[in-house]
Asks: 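Here's a structure for you.
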Amino acid sequence: MKVMHTKHGAGGGSHRGWVSAETLKNPLPEEVPQGQEAAARVPILSTADVVAARKTCRLSAMEAGFSDAEVTSIVTAISEVARNIVEYAHSGEVLIKKTQRGTRRGLKIIAADNGPGIRDVRGIMEPGVFGNRGGCMGLSRAKWLMDTFDIVTKPGRGTTITMVKWLD
Amino acid sequence: MDDYIKQFRVDYEAKLRRYLESRGEDGLEEAYQCGRQALSLQIGLLDLAKAHEDAQISLLSTIADLSEKAKLFHHAGEFFREALSPFEAVQRGFRETGAKYSELNQELARRNLELAETNHKLEVEAANRKNTERALRASEEHYRDLFQEAKAMQENLRSLSHRVLQAQEEERKRISRELHDEVGQSLTAINVNLTVLHQSGEFKNHKVVKRMFDTQQIVRDTMDTVHRFSKELRPPHLDDLGLIPALRSYTKTFSERTGLRVFFTAGAGVERLGPDEKIVLYRAAQEGLTNVARHAEATQVKVRLRNYREGIRLEIHDNGKSFSLNGQEPGKGTNRLGLLGMQERVRLVNGRMAIEAEPGKGTLLRVSVPFKAPKIPVPETFPGTAREEQRAYS
């Protein structure tokens, strides 16, 4: 199941609500754009890797020109998705790269794992659901801290989260 | 202060100290974990701020070097920001949810407005319907009143025509008696006197004798005419002997007078009819035969009195031209008044009248009269009954 949530209407205008799409084919896409700006790839296996991902992300975000507060937001978001991998999938990776759409520049984070997937992704991502639900709650926090949030998941077939924070 | 908050503050200070010493990403990750923990323990933002302030004072108050102090303050701020970021996320979530709720609320308000509008329209519609209903009911009542009036008038008319017909019968009876008793007796007396004079032999002049003889003949003819007229006005047999002898006598006379062959048959039970019904049938036969003689150009006519389940039916069937052949319709032309009068009489005894005319098969007049005539029926609902009556008599 593919679920997309866009907060600031990146590209396609205000895109509120959820969009389901086709079956997840490759939960670990080889997102290494050759010849373009290099993407930073951090494998996630333990809590120590979460710290590594944060550090890489922080550097990329600062380099991209985000403010201190925005950097903190982005780093927190990557913490949430990385912790989610450690907690539920046990192994996976995050990818951090600069992105551009038209004149808009931003930072894109992709988190992918081969874990159990999420059964009721709609239920846990629905705004208005609050409460201590561990990693699930963490995912909606990540969504709120970023500008776009896109999750593709299927029970038994892993999860891929793509999120973007735009400059200005 | 609650124990878990105390514990949180102790942890926070320890983690902040570690970060200020190492200043690594792992320290910041711990700050973020502090924020998450605060959220899940439901420690408020102000408590978190207070924990940070106290930890900062505790850790930095002993440092004398100002530039070192400023640097540490800056790093403490970094730590604090990381700890706050989960709260930031939740606040944004609330904001977004709030926006969604207000959107939903606006939608709800819009729907409510539409509903109110629809409700209003429905109310107006209901009021309109009620008015229409009231008007309908009023006009219905009006028409019911009119109908009642018409019905009353119809009843009045019927009882009036009943009385007129009764008076006519009485008058005819009286005239008939006068003719028979007075005029008839006088004529008989004149005839007797003439015979006596004739037989006395006093008159020798054969011219006078011839004149007397002629006069006697005229008197006899006049007596016949008077008797016939009297009989036609009020058949004496009808009251004394009954309908069958009266009609047999009438048809015999009719046949002699017109030359038409009349076949008369009658069933048993005819005399069970009341006097009113008998007169109606007798008059109907009279009128019907007169019409045959006048218009049908027939050579023979069958007159039948038959029993049917509820009464007696009179049938007069001629072999002449039918109405459609001679261009006359029932209720029109010269015999219109006669037919109308017959219809009225039949109706008064609750009977029915019908005329069948088929080219080449002559005309059949049918008059049915029930035995026990109840009171003249009053139609309950005017359209149905009116139609029925039209069918019955046209």
Asks: Is atom CZ of B:Arg110 surrounded by more than 12 heavy atoms (other residues, nucleotides or ligands) closer than 6.0 Å?
Replies: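 Atom CZ in B:Arg110 is packed in, count exceeds 12.
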Asks: With only heavy atoms counted, which part of B:Leu39 is less than 4.5 Å from chain A, the side chain, the backbone, both or neither?
Replies: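 When you check distances to chain A, only side chain atoms of B:Leu39 fall under 4.5 Å.
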Asks: Count the heavy atoms belonging to other residues, nucleotides or ligands that lie under 6.0 Å from CD of B:Gln42, then report whether that count exceeds 12.
Replies: no
Asks: Working note: B:Glu88 + A:Thr76, criterion side-chain contact (heavy atoms from CB on, under 4.5 Å); need CA distance, chi angles, decisive distance, verdict.
Replies: CA-CA 10 Å; B:Glu88 167 81 7; A:Thr76 303; over 6 Å; no
Asks: Tell me, do A:Arg54 and B:Tyr32 make a side-chain contact under 4.5 Å, heavy atoms counted?
Replies: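 When only atoms from C-beta onward are counted, B:Tyr32 and A:Arg54 do touch, with a gap below 4.5 Å.
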Asks: Using 0.5 Å steps for rounding, measure from the OG atom of B:Ser85 to the CD atom of A:Glu80.
Replies: 7.5 Å
Asks: With heavy-atom distances below 4.5 Å as the criterion, would you say the side chains of A:Lys55 and B:Glu29 are in contact?
Replies: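 Sidechains of B:Glu29 and A:Lys55: no contact.
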Asks: Answer yes or no: are there more than 12 heavy-atom neighbours, outside B:Arg23 itself, under 6.0 Å from its atom CZ?
Replies: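 Count over threshold, so yes.
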Asks: Does any non-hydrogen side-chain atom of B:Arg92 lie less than 4.5 Å from one of A:Met146?
Replies: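 A side-chain contact under 4.5 Å is absent here.
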Asks: Is the NZ atom of B:Lys71 crowded by more than 12 outside heavy atoms at less than 6.0 Å?
Replies: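 Incorrect, the count does not exceed 12.
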Asks: Counting only heavy atoms from other residues, nucleotides and ligands, does the tally under 6.0 Å from CG of B:Leu136 exceed 12?
Replies: yes
Asks: Is it the side chain or the backbone of B:Gln33 that comes within 4.5 Å of chain A heavy atoms, both, or neither?
Replies: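 Answer is side chain: those atoms of B:Gln33 sit under 4.5 Å from chain A.
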Asks: For a 4.5 angstrom cut-off between non-hydrogen side-chain atoms, does B:Glu25 reach A:Val75?
Replies: yes
Asks: Which atom names give the shortest non-hydrogen contact between B:Asp26 and A:Val51, and what distance separates them?
Replies: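 The answer is N-CG1, 3.3 Å.
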Asks: Any side-chain heavy-atom pair from A:Arg141 and B:Phe87 closer than 4.5 angstrom?
Replies: no
